[in-house]
Number of protein chains: 2
Amino acid sequence: MSTVSEVSEQDWELWRDYFRGGRELVAALDKRLQGDAGISHPEYLLMLSLWEAAEHSLRTGELAEELSWEKSRVSHQVARMEARGLVERRECETDARGVWVVLTADGSRLLLRATRDHTDAIRAWFFDLMSDDEKRVLGAVAQRMRENLGTVCASVPLRRRRSQATPPKVCA
Amino acid sequence: MSTVSEVSEQDWELWRDYFRGGRELVAALDKRLQGDAGISHPEYLLMLSLWEAAEHSLRTGELAEELSWEKSRVSHQVARMEARGLVERRECETDARGVWVVLTADGSRLLLRATRDHTDAIRAWFFDLMSDDEKRVLGAVAQRMRENLGTVCASVPLRRRRSQATPPKVCA
DNA sequence: AAGATTTAGTTGACGTGTCACGCTAACACA
DNA sequence: TGTGTTAGCGTGACACGTCAACTAAATCTT
């Protein structure tokens with residue numbers, strides 16, 4: 001067991017392509033969002049979560065759970081976005097520790113402007129490249145990976161807690 | 001064409017799992033490296049490239065090409081790693097603009113210490129989760145993705161320019 | 001050989017992401 | 001009622017990563 005060469009050259013090739021492919025795809029999506037709407041991918045994701053929530057607002061912790069981010073990360077990101085006017089922080093009436101993060105009108109506008117192109121990009125650079133069979137395989141493997149890693153937070157996130165009358169059904 | 005809902009719920013599920021799975025896997029690998037050898041994944045990758053090169057040294061630009069990183073990124077990373085004593089910068093005799101980046105003894109030690117566990121982790125969290133058929137599919141899709149995105153630098157990197165007497169054959 | 005251009009590499013500013021720590025409010029319970 | 005614990009969030013430091021601007025050496029041009 002476990003001479004390094006146990007992993008075949010082919011396998012390393014696969015790993016390389018998987019690893020770099022992921023990075024390159026996300027980088028490309030990010031660049032596209034920047035160009036189209038002037039927002040980053042993390043900003044898009046955060047605003048999307050808010051958009052999909054009741055009143056376009058969520059508590060910091062809910063946001064973290066929704067995005068599978070650390071709360072600290074959410075805090076930093078919200079701070080930057082608040083400075084840009086994309087979201088607002090509001091005190092929580094029922095829990096003085098709590099904070100509501102609310103999508104602003106500007107935020108909504110940008111989100112909606114971005115969504116179409118972003119979705120098209122994901123389709124063109126991801127979905128359209130695969131047959132249905134390949135999608136099944138990829139999905140199965142990805143799920144398996146997450147479950148396997150999935151000690152703590154990884155197993156949870158099968159979207160629940162939705163609301164709103166059919167907002168743009170997008171994930172990325 | 002291109003109502004957002006063109007993308008099925010299943011497809012979004014796939015995208016989510018693929019997207020987060022990748023992030024989580026890399027995060028897990030990084031954490032493992034930190035714990036085992038006290039180095040980050042980028043540090044590991046950079047040192048591995050050096051290790052595999054003649055004299056354990058490469059020019060900044062070669063390093064960038066090898067890793068598919070921007071030169072600026074290499075520069076920053078090397079600066080941090082030089083401060084930690086993992087690599088050294090050395091003037092280039094034949095081209096006064098050039099810089100050789102050389103793996104130090106400390107760097108080598110850490111790299112070697114890290115390699116075994118890192119490889120095991122990749123095997124356990126990636127390779128072992130897939131059948132050979134699934135590997136083929138994943139590899140094909142990843143390659144297709146990179147080629148599709150692959151305007152500029154994406155098409156190049158099929159490892160060339162190897163040297164050295166069989167160093168740890170690892171990629172990640 | 002003078003001047004323009006290209007190439008190698010660095011730097012600073014800034015967004016992203018994690019970790020360790022700290023703070024206050026809510027809560028449990030003696 | 002006080003006291004210890006936990007939950008919700010923020011902050012500062014630092015690593016990662018990109019972009020635009022920069023320096024200086026090499027190279028090309030005429």
Side-chain angles (χ1 to χ4, degrees), chain A residues 19-20 22-24 26-35 38-47 58-84 86-101 152-153, chain B residues 20 22-24 26-35 38-47 57-84 86-101 152-153:
Chain A
F19 178 70
R20 298 199 178 175
R23 275 184 125 29
E24 287 162 10
V26 172
L29 288 173
D30 200 299
K31 210 164 296 187
R32 172 104 172 211
L33 275 171
Q34 284 293 355
I39 57 179
S40 68
H41 195 221
E43 283 169 340
Y44 180 84
L45 293 173
L46 197 153
M47 290 197 289
L58 285 175
R59 295 282 295 272
T60 304
E62 297 175 312
L63 214 34
E65 199 194 336
E66 193 67 28
L67 293 161
S68 306
W69 289 2
E70 297 192 3
K71 279 189 293 183
S72 149
R73 177 177 175 187
V74 172
S75 186
H76 282 302
Q77 190 68 46
V78 167
R80 285 188 296 263
M81 294 174 69
E82 191 172 27
R84 293 188 52 188
L86 301 176
V87 300
E88 276 178 20
R89 280 193 242 236
R90 220 166 278 175
E91 287 180 4
C92 176
E93 312 264 315
T94 64
D95 185 337
R97 297 167 301 181
V99 171
W100 286 103
V101 182
V152 201
C153 56
Chain B
R20 298 200 177 175
R23 275 184 124 34
E24 288 162 11
V26 172
L29 288 174
D30 202 299
K31 209 164 295 187
R32 171 104 172 212
L33 275 171
Q34 284 293 354
I39 58 179
S40 68
H41 196 221
E43 284 168 339
Y44 181 84
L45 293 172
L46 197 153
M47 289 196 291
S57 52
L58 285 173
R59 295 282 296 270
T60 303
E62 297 175 309
L63 214 33
E65 200 195 335
E66 193 68 26
L67 293 162
S68 304
W69 288 3
E70 297 192 4
K71 276 189 297 179
S72 149
R73 177 177 174 188
V74 173
S75 187
H76 282 302
Q77 189 66 47
V78 166
R80 285 188 296 263
M81 293 173 70
E82 191 172 27
R84 294 188 49 190
L86 301 177
V87 301
E88 276 177 21
R89 280 193 244 237
R90 220 166 279 176
E91 288 180 3
C92 175
E93 312 263 314
T94 65
D95 185 338
R97 298 168 300 180
V99 172
W100 286 103
V101 182
V152 200
C153 57

**Study point:** Earlier contact from the 5' end, DNA chain C, for A:E70 and A:E43
**Key:** A:E43
Point to revise | salt bridge (Lys or Arg N to Asp or Glu O under 4.0 Å) partners for A:R23, two or more places apart | key: none
Check your understanding: B:E82 side chain to B:R89 main-chain N or O, any donor-acceptor pair under 3.5 Å?
Key ->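 Yes; judged by distance alone, with no hydrogens or angles, the pair exists.
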Review point. How does each nucleotide of nucleotides 7-14 of chain C score, in 5' to 3' order, for protein heavy atoms under 4.0 Å: base (B), sugar-phosphate only (S), or none (-)?
Key: BBBSBBB-
Looking at [atom1] of [X] and [atom2] of [Y], how far apart are the two atoms once the value is rounded to the nearest 0.5 Å?
| X | Y | atom1 | atom2 | value |
| --- | --- | --- | --- | --- |
| B:L46 | B:M81 | CG | CE | 4.5 Å |
| A:W100 | A:E62 | CH2 | CD | 5.5 Å |
| A:Q77 | A:S72 | CD | OG | 11.0 Å |
| A:M47 | A:L45 | CE | CG | 9.5 Å |
| A:K71 | A:E65 | NZ | CD | 11.0 Å |

Can you tell me the distance, in whole Å, between the [atom1] atom of [X] and the [atom2] atom of [N]?
| X | N | atom1 | atom2 | result |
| --- | --- | --- | --- | --- |
| A:M81 | C:dG15 | CE | C1' | 12 Å |
| A:L45 | C:dT16 | CG | P | 11 Å |
| A:E82 | C:dG15 | CD | P | 15 Å |
| A:R23 | C:dT16 | CZ | P | 15 Å |
| A:L46 | C:dT16 | CG | P | 10 Å |

Point to revise | Under 4.0 angstrom between A:R80 side-chain N/O and C:dG15 OP1 or OP2 | key: no
Review point. How about B:R90 and B:S57: does a side-chain donor come under 3.5 Å of a side-chain acceptor?
Key: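 On atom types as modelled, these side chains do not qualify, holding no pair under 3.5 Å.
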Revision key, fill the gap. The first and last nucleotides of DNA chain D lying within contact of chain B, meaning any atom under 4.0 Å from one of its heavy atoms, run from D:dA15 to D:dA26
